[in-house]
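Just below is one structure, and these are the notes that go with it.
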Amino acid sequence: MASGRKFFVGGNWKMNGDRDSIGALVQVLNDGEFNPAETEVVVSPPMVYVGLVQQSLRPEITVAVQNCYAAAKGAFTGEISPQMALDVGATWAILGHSERRNVFGESDELIARKVGFALQSGVKVIACIGEQLEHREAGQTAEVLYAQMAALFKTEPLELSAWSNIVIAYEPVWAIGTGKTATPEQAQEVHHQLREWLAANVSVQVAAETRIIYGGSVNANNCRELAKQADIDGFLVGGASLKPDFITIINAQS
Ligand SMILES: O=C[C@H](O)COP(=O)(O)O
């Protein structure tokens, strides 16, 4: 990547960890070397640990929630709001992750409302999209991703300025947690198509400036080749973000 877009690495801890292991992970992050001027790093603990992590983590690394609802407060048992995320120090939210879509049945429409509301509330968004294996095998990858992009930003049309607070995470579902990474060429092809979609449907400037990151079995061994691709601006990392390998991934482009 050599585009002027700041490299972005997110660690999605999913539903993993306890006070001890999370304390140890924070220590690894606090001791790890990276250049915050070159790379933006965001980690996303399970919600109950967000405050703890935010308080103990070095300030160069920011914190994301893994989900937040499209309302500030109210009778929504089990949910949290963007306002609550901000209140405990989380400034980003991961929305539309494939596990939210496929395990919890979140629709494009619900995800779009959440994205719109989070942005309006001042929470930045890592918006996730990705095709299933059957779509890829049927040659429908671009079509599926374009439909997800259109749906994400249809319900709550965004001001152009809102785009500076969005990172798009392309995560092919077949590559998540499977050890099967997209090849650098496969990922680059899709990232380029997504940038073209942004140019055609939002603006050329937004296409040039928006970070599009890759997720799906990224690890310390494959991150450098992926990071060399022109349209890959970073990663959303699951399993490897729970290990010291995450520091290597943060430094993938340096
Ligand atoms: O949000 C992260 C992705 O789901 C990737 O997870 P993974 O790195 O364990 O494949």
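All residue numbers refer to positions in the sequence shown, counting from 1. One-based numbering, in listed order, for ligands and for the atoms of each. Remember, it's a predicted structure, so these values are computed and weren't measured experimentally.
Here the side chain of Y214 pairs no donor or acceptor atom with the backbone of A227 at under 3.5 angstrom.
Separating the CD1 atom in I80 from the CG atom in N67 is a distance of 7.0 Å, to the nearest 0.5 Å.
R195 has a carboxylate O that lies under 4.0 Å from a charged side-chain N of D233, or vice versa, which qualifies the two as a salt bridge. Ion pair E38/K6 not flagged as a salt bridge, since none of the NZ, NE, NH1 or NH2 atoms sits closer than 4.0 Å to an Asp/Glu carboxylate oxygen.
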Chi angles and distances behind the ring-ring contact (aromatic ring centres under 6.0 Å, His included) call for F7, F235: CA-CA 9 Å; F7 202 66; F235 304 115; 5.8 Å; yes

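Regarding atom 8 (O) of ligand 1, its nearest protein heavy-atom neighbour is G238 N, 2.9 Å. Among all non-hydrogen protein atoms, the one lying nearest atom 9 (O) of ligand 1 is G239 N, 2.8 Å. For atom 3 (C) of ligand 1, the nearest protein heavy atom (residue, atom name, distance) is E171 OE2, 2.9 Å.
Scanning all heavy atoms of the two residues, the minimum distance from C223 to T248 falls at SG-O, 4.2 Å. Here the shortest heavy-atom pairing between E131 and W174 reads OE2-NE1, 2.9 Å.
In A175, the part holding a heavy atom less than 4.0 Å from any atom of ligand 1 is the backbone. Of the heavy atoms in N12, only side-chain atoms (C-beta onward) come closer than 4.0 Å to ligand 1.
Residue S241 places no heavy atom under 4.0 Å from ligand 1. Heavy-atom distances between S217 and ligand 1 reach below 4.0 Å in at least one pair.
Annotation: K14 places an N or O atom under 3.5 Å from an N or O atom of ligand 1; distance criterion only. By the 3.5 Å distance cut-off applied to N or O atoms, A240 is not counted among the residues near ligand 1. The distance criterion of under 3.5 Å between nitrogen or oxygen atoms is not met by L236 with respect to ligand 1.
Ring to ring, W13 and F246 are not that close: their centroids are 6.0 angstrom or more apart.
With ligand atoms numbered from 1 in the order given, ligand 1 contributes 5 (C), 10 (O) to contacts under 4.0 Å with heavy atoms of G216. Against a heavy-atom cut-off of under 4.0 Å, G177 is close to the following atoms of ligand 1: 7 (P), 9 (O), 10 (O).
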